[in-house]
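These notes concern the structure reproduced below.
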Number of protein chains: 4
Amino acid sequence: MINQVTLVGRLTRDPELRYTSEGTAVATFHLAVNRNFKNQAGEIEADFVSCRVWRKLAENVANYCRKGSLIGITGRIQTRRYEDKSGSWVYVTDVVGDDVRFLDKRKEKNVIFTEGRSERKTDIQLETSK
Amino acid sequence: MINQVTLVGRLTRDPELRYTSEGTAVATFHLAVNRNFKNQAGEIEADFVSCRVWRKLAENVANYCRKGSLIGITGRIQTRRYEDKSGSWVYVTDVVGDDVRFLDKRKEKNVIFTEGRSERKTDIQLETSK
Amino acid sequence: MINQVTLVGRLTRDPELRYTSEGTAVATFHLAVNRNFKNQAGEIEADFVSCRVWRKLAENVANYCRKGSLIGITGRIQTRRYEDKSGSWVYVTDVVGDDVRFLDKRKEKNVIFTEGRSERKTDIQLETSK
Amino acid sequence: MINQVTLVGRLTRDPELRYTSEGTAVATFHLAVNRNFKNQAGEIEADFVSCRVWRKLAENVANYCRKGSLIGITGRIQTRRYEDKSGSWVYVTDVVGDDVRFLDKRKEKNVIFTEGRSERKTDIQLETSK
DNA sequence: TTTT
DNA sequence: TTTT
């Protein structure tokens, strides 16, 4: 079945990096995603989405993101529940990311812009091709 | 900012239709979205996503969907929180849908297939508008 | 950067399965995706999106899909261009799928429903890993 | 049916604003979306996606975007075809946007941050409306 | 070259 | 409170 999420927002705090007992890295953080419409008071609110990424991605997020970083994340919604101390069920919803883009990096690193080859040419073409 | 969700899954129960004090229709339901991978035990699990739609969409969902209906929904993640009786915050995550497709309808109704004609029309408009 | 597509539609013909010179399987097909609104004449039109999937997915699509099959596909938009015989550039846009769901299969196969158990397990792990 | 696209990329040139014969604004532009993986030569390539937005959105894009602007766009894939001078069919694929985010704006304007207050309000409404 |  |  289909379960696909795309978010662009800012970290509400530094990400938290932990490791499972098997040694797998997990990073968790909340994204503040400003809404694209105003409430009755004319203000813009935000949704605060809980996100989780695994392995190499987790380490990258921990290394490159801080409170306030603008990121794009794609992934899926995951739900789970657990019993709290008082014995009642708590339902939790997270976004599990399979890709994260760091959108306020000044410039994309490691981008050897070969579009030179393709892009520049393309541009010319777009010119020429009218 | 960007906040976009697409889900395809089945209703876990009949949708619930209610009205706000202003008379606006809201339908709520849970979607069971089977995961596309197996757990360690070789079984497929599901995520149970809480969904909410408003107005005409709410009434359509209430009219056309039942427990087990297969639907596609597109929308966004919305978060909110409230204080429970004991004074602690409860965090809630829902998908607010802006479009719902009924995927087990035998055949799409009112589909008169007319590709070609209208596309050419579109083209002429754009031509003219240069 | 972010490039994410989700489509649900029907195959306009049987998929075509081919192999690259290195022996990698590729399946191509077109999806007819009915629009969710009517044109001025009150008719529903469709978009005909060219899709491509690789490897195991290609073979699954070739085995399980036929003209008219309802599928969901997630992936990304890919563009390329080539020079035709007359020396002018042709621009091509395809959706490259990374996941395909067969939506008119009577029932999901191999789905053994086990919510609860495994979710709790996941939770325990996370607890431990703090 | 479902047809949903999310892209984040940079404009390859300034957008072009035109008007249909009925006076409706249309803006067209190409987005360069860097791929998240390298080719055999270790370089990052891009997809060049043709985009189109209408009405107020078209005017906003024309006013606020320039060559190189980083934007996020959500919308759907639209296909059409036309007959060229030589009488053969040309197939065209565009993304028609229903929302555009300007991602290199220094800071979101008019964002008065009010989480909590309004969320509680929403909740009360729902309570009342049962 | 277009599906139900 | 969980679907096929």
Side-chain angles (χ1 to χ4, degrees), chain A residues 1-3 77 79-81 83 88-91 93, chain B residues 7-16 28-36 43-51 65-73 92 94 101-119, chain C residues 7-16 28-36 43-51 65-73 92 101-119, chain D residues 1-3 79-81 83 88-91 93:
Chain A
M1 292 182 154
I2 291 177
N3 183 340
I77 294 179
T79 60
R80 51 181 229 276
R81 60 176 192 182
E83 233 171 321
S88 53
W89 288 105
V90 179
Y91 293 86
T93 299
Chain B
L7 301 173
V8 173
R10 295 188 181 276
L11 296 222
T12 61
R13 327 176 85 205
D14 291 357
E16 287 186 27
T28 52
F29 53 91
H30 282 81
L31 266 195
V33 183
N34 292 146
R35 294 184 186 165
N36 303 328
E43 305 148 334
I44 286 185
E45 301 175 30
D47 295 290
F48 297 95
V49 185
S50 169
C51 298
C65 295
R66 288 291 163 267
K67 178 179 176 173
S69 299
L70 182 71
I71 70 166
I73 184 169
V92 183
D94 300 296
R101 297 289 111 194
F102 306 121
L103 296 175
D104 43 22
K105 267 175 26 191
R106 296 312 117 226
K107 42 161 38 232
E108 307 265 327
K109 287 203 317 233
N110 299 74
V111 176
I112 303 166
F113 184 52
T114 60
E115 169 272 344
R117 199 153 49 81
S118 53
E119 287 179 350
Chain C
L7 301 172
V8 174
R10 294 187 182 277
L11 296 221
T12 62
R13 327 177 84 206
D14 290 358
E16 287 186 26
T28 54
F29 54 90
H30 282 81
L31 266 195
V33 183
N34 293 145
R35 293 183 186 165
N36 302 329
E43 305 148 335
I44 285 185
E45 300 175 32
D47 295 290
F48 297 95
V49 185
S50 169
C51 298
C65 295
R66 289 290 163 267
K67 178 178 176 175
S69 299
L70 181 71
I71 69 166
I73 185 171
V92 183
R101 296 290 111 195
F102 307 120
L103 297 174
D104 44 20
K105 266 172 29 186
R106 298 310 119 225
K107 43 161 38 231
E108 306 265 327
K109 286 202 316 235
N110 298 73
V111 176
I112 303 167
F113 185 52
T114 60
E115 169 271 343
R117 199 153 49 82
S118 54
E119 288 178 350
Chain D
M1 293 182 154
I2 292 178
N3 183 341
T79 61
R80 50 181 229 277
R81 59 175 193 184
E83 232 170 322
S88 52
W89 289 104
V90 179
Y91 293 85
T93 300

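Side-chain atoms are counted along with the backbone in the values below, which use heavy atoms only and exclude waters and symmetry mates.
- When distances run from any side-chain atom of C:His30 to the nucleotides F:dT3, E:dT2, E:dT3, the shortest one goes to E:dT2.
- Qualifying side chain to side chain contact (heavy atoms under 4.5 Å, CB included) partners for C:Arg66, counting only residues two or more places apart in sequence or in other chains: C:Asp14, C:Pro15, C:Ser69.
- One interatomic measurement links the two molecules: CH2 of A:Trp89 to P of F:dT1, which rounds to 7 Å at whole-angstrom precision.
- The separation between C:Phe48 atom CZ and E:dT3 atom P is 7 Å, rounded to whole Å.
- Rounded to whole Å, atom P of F:dT4 lies 13 Å from atom CZ of B:Arg13.
- In this structure, D:Ile2 and B:Val8 have side chains that are in contact, with non-hydrogen atoms separated by less than 4.5 Å.
- Nearest to the side-chain atoms of B:Ala46 among the listed nucleotides E:dT3, F:dT3, F:dT1 stands F:dT3.
- When distances run from any side-chain atom of B:Ala32 to the nucleotides F:dT1, E:dT3, F:dT3, the shortest one goes to F:dT3.
- Straight-line distance from the CG atom of A:Asn3 to the P atom of F:dT4: 19 Å, rounded to whole Å.
- From D:Met1, atom CE reaches atom CZ of B:Arg101 across 9.0 Å, with rounding to the nearest 0.5 Å.
- For D:Tyr91, whose side chain is taken as the heavy atoms from C-beta onward, the closest listed nucleotide among F:dT4, E:dT2, E:dT3 is E:dT2.
- Considering only side-chain N and O atoms, C:Arg66 lies nowhere under 4.0 angstrom from the phosphate OP1 or OP2 of E:dT3.
- One atom, CG of C:Leu70, and another, P of E:dT2, lie 20 Å apart when rounded to the nearest Å.
- In this structure, B:Gly9 reaches neither bases nor backbone, as no heavy-atom distance under 4.0 Å exists between it and the strands shown.
- For C:Ser50, the side-chain hydrogen bond (donor to acceptor under 3.5 Å, both in side chains) partners two or more places apart in sequence, or in a different chain, are C:Asp94.
- The NZ-P distance, from C:Lys67 to E:dT4, rounds to 6 Å in whole Å.
- A straight line from CE of D:Met1 to C1' of E:dT2 spans 13 Å, rounded to a whole angstrom.
- Between the CG atom in C:Leu70 and the CG atom in C:Leu103 there is a gap of 5.0 Å [rounded to 0.5 Å].
- With rounding to whole Å, C:Asp104 atom CG is found 14 Å from F:dT4 atom C1'.
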